[in-house]
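From a predicted model like this one, the values you see are computed outputs, not experimental measurements.
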Amino acid sequence: MICIDDCSTCKHKRPLKDGWDFCCDAFPTGMAPRNFPFGKVKELKECNNGIGYEPKEEHTDETA
């Protein structure tokens, strides 16, 4: 498994799987095809399985 910076900010990223990082809803097995454009994840409309990059929602504490 490789670390893709864009994936770390995507809401589809899943927790570790068997000690490996960056399993996601688009690639639940953790395997992407060799020709996958890893450097352009944010630009893709779909990574796989109808799922594409979507930024995580930022939670702010507005109780202060």
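- Residues meeting the side chain to side chain contact (heavy atoms under 4.5 Å, CB included) test with C47, sequence neighbours left out: A26, F27, F36, V41, L44.
- Side-chain contact check for P33 versus N48: every heavy-atom pair is 4.5 Å or farther apart.
- Separation of atoms NE2 (H12) and CD (E54) is listed at 3.5 Å; rounding is to 0.5 Å.
- Panel note: side chain K56, backbone S8; a donor-acceptor pair is recorded below 3.5 Å.
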request  = Please report the C-alpha distance between K13 and D25 in whole Å, then the side-chain angles of each, then the deciding distance to 0.1 Å, and finally whether the side-chain contact (heavy atoms from CB on, under 4.5 Å) criterion is met.
outcome  = CA-CA 7 Å; K13 181 180 173 278; D25 297 329; over 6 Å; no

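- Shown here for Y53 and T9, the closest heavy-atom pair between the two residues is OH-OG1, 2.9 Å.
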